[in-house]
There are 2 protein chains.
Amino acid sequence: MRPRAKKPPMSKESLLPLLMGHVLAEGLGQASLRPLAKAAGTSDRMLIYHFGSKEKLIADLLSFAAGVYAAGLEAVITADARPATRAELLARILEQNADPASQPFKQLWWEIVGGAARDVPGFRPAARGMVNELLVWLERNMPPGDPDPAGGARLLLTVIEGTLMLSSLGHEDTARAGLLAGGLIEA
Amino acid sequence: MRPRAKKPPMSKESLLPLLMGHVLAEGLGQASLRPLAKAAGTSDRMLIYHFGSKEKLIADLLSFAAGVYAAGLEAVITADARPATRAELLARILEQNADPASQPFKQLWWEIVGGAARDVPGFRPAARGMVNELLVWLERNMPPGDPDPAGGARLLLTVIEGTLMLSSLGHEDTARAGLLAGGLIEA
DNA sequence: CCAAAAATGTAGCGATTGCTACGTGCGCTT
DNA sequence: AAGCGCACGTAGCAATCGCTACATTTTTGG
């Protein structure tokens, strides 16, 4: 028998992971239809056919990325025991974030933030969705007996995002020194 | 006398402010040569003539923007008296930053961060230059008698950047709640 | 089994991209 | 005055952009 071509009909759902792979690797700004299509094994013609327009495609892609991000957080939740202090929780997140494997996602994140700041059509809901996801995750995973879980989660969220940004610029040591000085992590 | 045409020969220095105006208004991603040229009252031809290539133009533009940012910080330095506590200093900066007039610059900032994270040719030095500028400014303006000015400045830098990002997404209240819970600002 | 509908390939359109080839006027030196 | 080089305008090129018209195949429903 000759090698079977992929028969399962392509759909938004089957395309989105491939498209996101290309965007993670190449960036959102350089994502034009033809390269995207090639990465997904199709043609620009079919991308428009399935998504209607590039704008809708990007919007779908961003909300898909938000879902992937949320799923990643859930995976961390059940992975290991809950940290006993805020400092431990913060350290764990930052450590996970320092993983080079999460760098493409960080790069994508800044493009999303930039788009959201300029109110590009699908960007703000995606960005807000992701930080909300992180916020409720933090709130649920605050150390037991924390005096102010809601406020503490918001504090951690803020310093996490700040550290994220500084580390994207190669300023991770600066952020770390600040967190140490603030007693937010321990040496 | 008939209306005088502009005679002073155009140069990088005279073009950069106009180019930056366009970039602040329209964004770095949409900055192609012809619109940029129109905003500066020239042609794409002359932009290439003066800057050599678009890449060099963008690099020059970013370092120019970094200079403008630094000058803005210096202006704040001499503007009023030094805050007496970290909380006051932080509050003052965040207040200045909440000014809608600084929003275009924030929008540009995320595009610079995104480019730096992806290591696009002129972006990382510009981004690092700006956060360094802010860092030394903070260090110089820490309240007198602060127990750890260096660490405190780095702590403030981190929470400032985090707050900046959250506020760009419309999450300023979340950041504020976090800073309150952390005792970094006062109600 | 046959027709309607859904899915896909091919080709191309008009616009925009960064950049260049070429010509021209203008001021400066010798 | 003759030459020369800088500063600029005009025109255009090859590549790419998002998208569409049209033809064709594949799937599905009665």
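In the text below, chain A, chain B and the rest are named by the order of the sequence lines, each starting its count at 1.
Among residues at least two apart or in separate chains, ring-ring contact (aromatic ring centres under 6.0 Å, His included) pairs with a member in residues 110-135 of chain A are A:Trp110-B:Trp110. Within the structure, ring-ring contact (aromatic ring centres under 6.0 Å, His included) pairs that include any residue of residues 25-61 of chain B do not occur (at least two apart or interchain).
Side-chain atoms of B:Ser102 come within 3.5 Å of backbone atoms of B:Asn97 as a donor-acceptor pair (strictly under, hydrogens ignored). A donor-acceptor contact shorter than 3.5 Å is absent between the side chain of A:Arg124 and the backbone of A:Gly115.
Looking at heavy-atom distances under 4.0 Å, A:Thr42 makes no contact with the nucleic acid at all.
Nearest to the side chain of B:Lys54, among C:dG18, D:dC19, D:dC8, sits C:dG18. Side-chain atoms of A:Ser32 lie closest to D:dG18 of the nucleotides D:dA7, C:dA7, D:dG18. Of the candidates D:dC17, C:dT8, D:dC8, the closest approach to any side-chain atom of B:Met46 belongs to D:dC8.
As rounded to whole Å, 13 Å separates atom P of D:dG5 from atom OH of B:Tyr49. Distance CG (A:Leu47) to C1' (C:dT8): 12 Å, rounded to an integer number of Å. Atom CZ in A:Arg34 sits about 14 Å away from atom P in C:dT10, given to the nearest Å. Atom-to-atom, CD of B:Glu55 to C1' of C:dT17 comes out at 15 Å; the value is rounded to the nearest Å. One can place CG of B:Leu57 at 10 Å from P of C:dG18, the figure rounded to the nearest angstrom. Distance CG (B:Leu15) to P (D:dA7): 12 Å, rounded to an integer number of Å. Put simply, CD1 on B:Ile58 is 13 Å from C1' on C:dT17, counting in whole angstrom units. Protein atom CG of A:Leu33 is 17 Å distant from nucleotide atom C1' of C:dA11, rounded to whole Å.
Judged as a salt bridge (Lys or Arg N to Asp or Glu O under 4.0 Å), and not counting sequence neighbours, the contacts of A:Glu111 are B:Arg118. Partners of B:Arg86 according to the salt bridge (Lys or Arg N to Asp or Glu O under 4.0 Å) rule, which considers only residues two or more places apart in sequence or in another chain, are B:Asp146. Legend: residues meeting salt bridge (Lys or Arg N to Asp or Glu O under 4.0 Å) with A:Arg34, ordered by chain and number and at least two apart, are A:Asp44. Residues satisfying the side chain to side chain donor-acceptor pair (under 3.5 Å) criterion with B:Asp99, sequence neighbours excluded, are absent altogether. B:Ser167 pairs by the side chain to side chain donor-acceptor pair (under 3.5 Å) definition with B:Lys106, not counting sequence neighbours.
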I'd like a table of atom pairs between the protein and nucleotides 20-22 of chain D - only N or O on both sides, under 3.5 Å - with the distance next to each one.
residue, atom, partner, partner atom, Å
D:dA21, N6, A:Arg45, NE, 3.3

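Taking only side-chain nitrogens and oxygens, B:His50 never comes nearer than 4.0 Å to OP1 or OP2 of D:dA7.
Against DNA chain D, the stretch residues 16-31 of chain B makes no heavy-atom approach under 4.0 Å.
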